[in-house]
**Student:** 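Next up is a structure, given as C-alpha cells.
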Amino acid sequence: MVVLSSAGRDVASRAPIGYDGGMERRIGSSPLPQPQNLIGTWRRFGVTGPVYEIVDVGQMLGDDDCLMRVRLVETGEELDYRFTDILDDPREH
C-alpha cells in the first residue's frame with residue numbers, strides 16, 4: 001500500500017499537526033469535517049498538482065488520523081491518502 005503526502009512523500013512517520021485526538025478535532029475554534037463527508041468531493045495535490053476525487057474512508061491510523069481512498073482524475077489510479085493531508089489540499093470545483 002502506498003500512502004502519499006501532498007508533497008508526494010511516504011507519510012508513515014508523519015504526525016498530524018494541530019489535533020488533540022479522535023475524529024472530532026478542531027483547528028482553532030472550527031471543527032474539522034468528518035471524513036465520510038468528504039466522499040465525492042474533489043481536491044488538488046497542492047496548488048499545481050493533479051486533481052483527485054475522494055472515494056472512500058479507509059483504515060484508522062494509530063495517530064488519530066485515517067486513510068482515505070482517492071482516485072486520480074487524470075489516470076483513474078486509486079491510492080490511500082491521509083485525511084489530515086487532504087484537509088491541507090485546495091478544493092477543486
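Only heavy atoms go into these numbers, but all of them, side chains included; no hydrogens, no water, no symmetry mates.
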**Student:** Applying the 4.5 Å side-chain criterion to the ILVMFWY set and letting contacts propagate, would Ile54 and Leu87 be lumped into a single cluster?
**Tutor:**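 In one cluster: yes.
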**Student:** What side-chain hydrogen bond (donor to acceptor under 3.5 Å, both in side chains) pairs are there with at least one residue in residues 40-58, not counting sequence neighbours?
**Tutor:**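 Passing the test, one end in residues 40-58: Arg44-Glu92, Tyr52-Asp89, Glu53-Arg71.
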**Student:** Would you give the length of the straight line joining atom CZ of Arg69 to atom CD of Gln59, rounded to the nearest 0.5 angstrom?
**Tutor:**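 Going from CZ on Arg69 over to CD on Gln59, the span is 11.0 Å.
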**Student:** So do the side chains of Val57 and Leu67 get within less than 4.5 Å of each other, counting heavy atoms only?
**Tutor:**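 Val57 does not reach Leu67 side chain to side chain.
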**Student:** Could you tell me which non-hydrogen atom of Met60 sits nearest to which non-hydrogen atom of Cys66, and how far apart they are?
**Tutor:**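 Between these two residues, the closest heavy atoms are SD-CB, 3.6 Å.
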**Student:** Distance from Leu38 atom CG to Phe83 atom CZ, nearest 0.5 Å?
**Tutor:**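 The CZ atom of Phe83 is 5.5 Å from CG of Leu38, to the nearest 0.5 Å.
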**Student:** To the nearest 0.5 Å, how far apart are CZ in Arg82 and CG in Asp65?
**Tutor:**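 The distance works out to 5.0 Å.
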**Student:** For side-chain contact (heavy atoms from CB on, under 4.5 Å), just list the numbers for Phe45 and Asp85, CA-CA rounded to whole Å, side-chain angles, deciding distance to a tenth of an Å, and then say yes or no.
**Tutor:** CA-CA 9 Å; Phe45 289 109; Asp85 288 335; over 6 Å; no
**Student:** Mind checking whether Val70 and Ile86 have side chains closer than 4.5 Å, heavy atoms only?
**Tutor:**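 Yes, close enough: below the 4.5 Å cut-off.
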**Student:** Rounded at 0.5 Å granularity, tell me how far CD1 in Ile39 sits from CD in Gln34.
**Tutor:**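 Spacing of CD1 (Ile39) from CD (Gln34) equals 11.5 Å.
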